[in-house]
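Because the structure is a prediction, the values reported are computed rather than measured.
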Amino acid sequence: TRAHDLAKRTRIFNLATSLGGVESLICSPAVMTHGSLPVDKKAELGVTPDLLRLSVGIEDIEDIIADLQAALDATLEESLVLA
């Protein structure tokens, strides 16, 4: 999905669930924290394949925004090419 591709493209965010640290994390709940749930239960909870969870750390806010913008732009371009 575009959401998972976006998560993998970020440079500041680590693709992980909460580690209790101060770094920025990005998580795809549908395959990570809620991956073992049946599809109907995920739907009931609103956990869709395009859902991302961000935990923003202490990195510079401008760097965080730029990182997310670059990942959004890159995945948008790819999704337009594939359409």
Side-chain angles (χ1 to χ4, degrees):
T1 67
R2 180 179 177 204
H4 192 70
D5 291 342
L6 185 149
K8 291 190 309 185
R9 284 188 173 271
T10 59
R11 294 178 184 237
I12 292 176
F13 288 81
N14 291 312
L15 184 59
T17 57
S18 179
L19 303 173
V22 296
E23 65 277 341
S24 291
L25 304 174
I26 193 165
C27 171
S28 177
V31 295
M32 295 173 77
T33 57
H34 293 71
S36 63
L37 293 179
V39 174
D40 59 331
K41 184 64 174 174
K42 288 182 201 176
E44 180 184 320
L45 295 171
V47 178
T48 62
D50 59 349
L51 176 68
L52 290 174
R53 179 179 185 259
L54 301 178
S55 297
V56 178
I58 62 170
E59 300 88 356
D60 183 88
I61 189 64
E62 297 300 324
D63 292 340
I64 291 171
I65 292 169
D67 187 35
L68 289 171
Q69 189 62 60
L72 284 164
D73 291 346
T75 57
L76 177 60
E77 291 170 10
E78 287 177 0
S79 67
L80 292 175
V81 169
L82 295 174

Measure across G35 and K42 and return the closest heavy-atom pair with its distance rounded to 0.1 Å. O-NZ, 3.7 Å
For residues A16 and C27, report the shortest heavy-atom separation together with the two atoms involved. O-CB, 3.7 Å
With a 4.5 Å cut-off on side-chain heavy atoms, are L6 and L52 touching? yes
More than 12 heavy atoms from other groups under 6.0 Å of CZ on R53: no
May I ask whether L51 and L54 are part of the same hydrophobic cluster, defined by side-chain heavy atoms of I, L, V, M, F, W, Y residues being less than 4.5 angstrom apart, directly or through others? no
Point-to-point distance, once rounded to the nearest 0.5 Å, from CD1 of I64 to CG of D67: 8.5 Å
How many angstroms lie between CG in D63 and CG in L68, if you round to the nearest 0.5 Å? 11.0 Å
Measure across E59 and S24 and return the closest heavy-atom pair with its distance rounded to 0.1 Å. OE1-OG, 2.6 Å
From R2 CZ over to R9 CZ, what is the distance, rounded to the nearest 0.5 angstrom? 10.5 Å
Just checking I58: does its CD1 atom have more than 12 heavy atoms from other residues, nucleotides or ligands closer to it than 6.0 angstrom? no
Between CD1 on residue I12 and CD1 on residue I26, distance to nearest 0.5 Å: 11.5 Å
Identify the two heavy atoms, one from T75 and one from L72, that lie closest to each other, and give their separation to 0.1 Å. OG1-O, 3.2 Å
CG-CG distance between D40 and L45, expressed to the nearest 0.5 angstrom: 9.5 Å
Any heavy-atom pair between the side chains of H4 and L15 that's under 4.5 Å? yes
